[in-house]
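Reviewing the structure listed below.
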Number of protein chains: 2
Amino acid sequence: MLAFGHSHPNAMKNLPLNPRKVPRQARSRATCDAILAAAARILERQGDEALNTNRVAEVAGVSIGSLYQYYPTKEAILAELIRAMRQQMHDDMAAAARVAAGSGLEQEVDALVAATLRHHLRNPELAYALEIVEERLPLDAETAALKQGMRTLVVDMLERNGITDAPAIAFDLIAIGHGLADAAIAAGERDFDGLHRRIRRAVLGYLGRPRL
Amino acid sequence: MLAFGHSHPNAMKNLPLNPRKVPRQARSRATCDAILAAAARILERQGDEALNTNRVAEVAGVSIGSLYQYYPTKEAILAELIRAMRQQMHDDMAAAARVAAGSGLEQEVDALVAATLRHHLRNPELAYALEIVEERLPLDAETAALKQGMRTLVVDMLERNGITDAPAIAFDLIAIGHGLADAAIAAGERDFDGLHRRIRRAVLGYLGRPRL
DNA sequence: GCATAATGTGAGCGGATGCTTGCATTTGGC
DNA sequence: GCCAAATGCAAGCATCCGCTCACATTATGC
């Protein structure tokens, strides 16, 4: 389960952005958490097509009115879930990059790939559903910054290992990893070790390293 | 623009499959084409969220009742568009594979990659929108067969060039190409030559070929 | 020309869903 | 204990959208 950081459900949604209340008492914080947890549960078990505000409120054991006191729109709920996921993923990757820094390209690639796969491993269904939702939602600034941060971790890793044109290479490596992970997960694979090896092979192959 | 093959708008949709009329007169064939063209236009210009049956009928200059005489559901229209796209793509790849067969791995990879990119080049917006729709739609048997056929073209190409475990390798190569193409197109790139080179690099790198 | 089949029409039904609003209940400071 | 602020509630409004149906128009065979 994701840990929700309580980063003000407001401060998002630019177009229909009507300010909403910020929870002050413990009671209302519990309500917000119940709403996010219910939304995650629905996404995980039934996918994003089954998610609507009435159902979220029902599963959360909260009235629809309470939901709209804290989340101005359905998208605000989804954006909050996505932000929490990206935060966790970013922090995990940053820690992995820090630990592996200086251990050589192969080790560093491995560390970053492992961090991203760990993310999917925790809750494959939810992670997959959230990524699908993310594609068709305008990113809020905070989530965009997190994604940029993850990209920068890859760029820095490449530069530490003397690779030129790192930003463009990072773009492609991320795309390659995404492509392989998406295809494997969509095909129902759950062998993350095998997937890890294939992503390593693709990444190092793209970088022109001799095969291991 | 896609050429619609008039492969019986019926013969799809297994669950709510109510037989519908098959066009006999030229008049009704024109109606069907107008409906498919209108749906493609909407997808291309406004994306799949903006597509609904009322709007399709309006853009096609046809009444909503006429639309439902030939297409039992909204999904049947989309499935027909997807089928036409996959047919064209498959035929294009098959022709490319035939011409390039025996010219060596690098040439054959190039030919197949070029065929798939040509497909996107014709109408990037429509191709992109259709692939998004395809992901969340149950494939009809004919489309599934076309996709399987394309996969087989890649497997055969690999086996012609002495590569073992071809089916698994083909799966990964397709995923890699998809990942790179999706990311580039989503980022607004329109330099298909550059994209072609990067996909070649990724594919040959995965296969462990020395860099060119 | 006429009968019949084929095709075209659009008002509107039924249901889903995002969200508002008016009111009830609980909490915390004094 | 009291009151104002915070929180909670759910009926139901407004809209969208997939789709039907009863009827009008056009083509085809004879």
Side-chain angles (χ1 to χ4, degrees), chain A residues 6 8-10 12-13 15-36 38-39 42-43 46-80 133 136-137, chain B residues 6 8-10 12-13 15-36 38-39 42-43 46-80 133 136-137:
Chain A
H6 283 297
H8 324 298
N10 309 359
M12 59 180 52
K13 267 309 253 186
L15 277 160
L17 193 168
N18 307 7
R20 284 296 198 274
K21 252 176 244 165
V22 167
R24 299 180 198 286
Q25 306 178 357
R27 192 162 52 126
S28 56
R29 243 164 285 137
T31 298
C32 286
D33 279 355
I35 289 165
L36 293 175
I42 293 168
L43 279 179
Q46 288 154 297
D48 67 286
E49 314 243 308
L51 187 138
N52 64 64
T53 53
N54 290 310
R55 178 124 61 192
V56 169
E58 182 193 331
V59 170
V62 150
S63 83
I64 183 67
S66 293
L67 185 153
Y68 275 100
Q69 253 177 47
Y70 303 104
Y71 299 97
T73 62
K74 175 190 178 185
E75 283 70 32
I77 300 172
L78 292 169
E80 179 73 7
V133 171
R136 65 148 193 251
L137 226 60
Chain B
H6 283 296
H8 325 298
N10 309 1
M12 59 179 54
K13 269 308 254 185
L15 278 160
L17 193 167
N18 308 6
R20 284 296 198 275
K21 253 177 246 167
V22 167
R24 300 180 197 285
Q25 305 178 359
R27 192 162 53 126
S28 55
R29 245 164 282 138
T31 298
C32 286
D33 279 355
I35 290 166
L36 292 175
I42 293 169
L43 279 180
Q46 288 154 296
D48 67 286
E49 315 243 308
L51 188 138
N52 62 64
T53 52
N54 291 309
R55 178 124 61 192
V56 169
E58 181 192 332
V59 170
V62 151
S63 83
I64 184 64
S66 293
L67 185 152
Y68 275 99
Q69 255 180 52
Y70 302 105
Y71 298 97
T73 62
K74 176 190 175 183
E75 284 70 31
I77 300 171
L78 292 169
E80 179 72 8
V133 171
R136 65 149 191 249
L137 226 59

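The figures here come from the full heavy-atom set of this structure, side chains too, leaving out hydrogens, waters and symmetry mates. Chain letters run A, B, ... following the sequence lines, proteins first and then strands; every chain starts at 1. What you see is a predicted model; the values in this text were computed from it and never measured.
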| Side-chain contact, heavy-atom cut-off 4.5 Å: A:Leu51 with A:Leu78? | yes
| request: Would you please name every residue forming a side chain to side chain donor-acceptor pair (under 3.5 Å) with A:Glu58, sequence neighbours left out? | output: none
| field | Gap between atoms CD and P, on B:Glu58 and C:dT9 respectively (whole Å) | value | 13 Å
| request: Check salt bridge (charged side-chain N to carboxylate O under 4.0 Å, His left out) between B:Arg136 and all other residues, then give those that pass, not counting sequence neighbours. | output: B:Asp48
| A:Thr31: side-chain contact (heavy atoms from CB on, under 4.5 Å) partners, not counting sequence neighbours | A:Ile35, A:Val62, A:Ser66, A:Tyr70
| query | Rounded to the nearest Å, what distance is computed from the CD atom of residue B:Gln69 to the C1' atom of nucleotide D:dA24? | reply | 12 Å
| field | Under 4.0 Å protein heavy-atom contacts per nucleotide of nucleotides 10-18 of chain C, with B for base, S for backbone only and - for none | value | BB-----SB
| note | A:Leu67 CG to C:dT21 P, in whole Å, measures 16 Å
| task | For A:Arg55, enumerate each residue passing the salt bridge (charged side-chain N to carboxylate O under 4.0 Å, His left out) test, keeping only those at least two apart in sequence or located in another chain. | result | none
| message | Taking only side-chain N and O atoms of A:Ser28, does any of them lie within less than 4.0 angstrom of OP1 or OP2 on D:dG8? | response | no
| Worked verdict on B:Leu67 versus B:Ile77 for side chain to side chain contact (heavy atoms under 4.5 Å, CB included) | CA-CA 9 Å; B:Leu67 185 152; B:Ile77 300 171; 3.8 Å; yes
| So which heavy atom on A:Ala60 is nearest to which on A:Ala34, and how close? | CB-O, 3.4 Å
| said: For C:dG8 and B:Thr31 - does any side-chain N or O of the residue sit under 4.0 Å from the phosphate oxygens OP1/OP2? | reply: yes
| query | Who passes side chain to side chain donor-acceptor pair (under 3.5 Å) against A:Thr53, sequence neighbours left out? | reply | A:Tyr68
| task | Sugar-phosphate atoms are those with a prime plus P, OP1 and OP2; base atoms are the rest. Using that split, label each nucleotide of nucleotides 25-30 of chain C B, S or - for protein heavy atoms under 4.0 Å, 5' to 3'. | result | -BS---
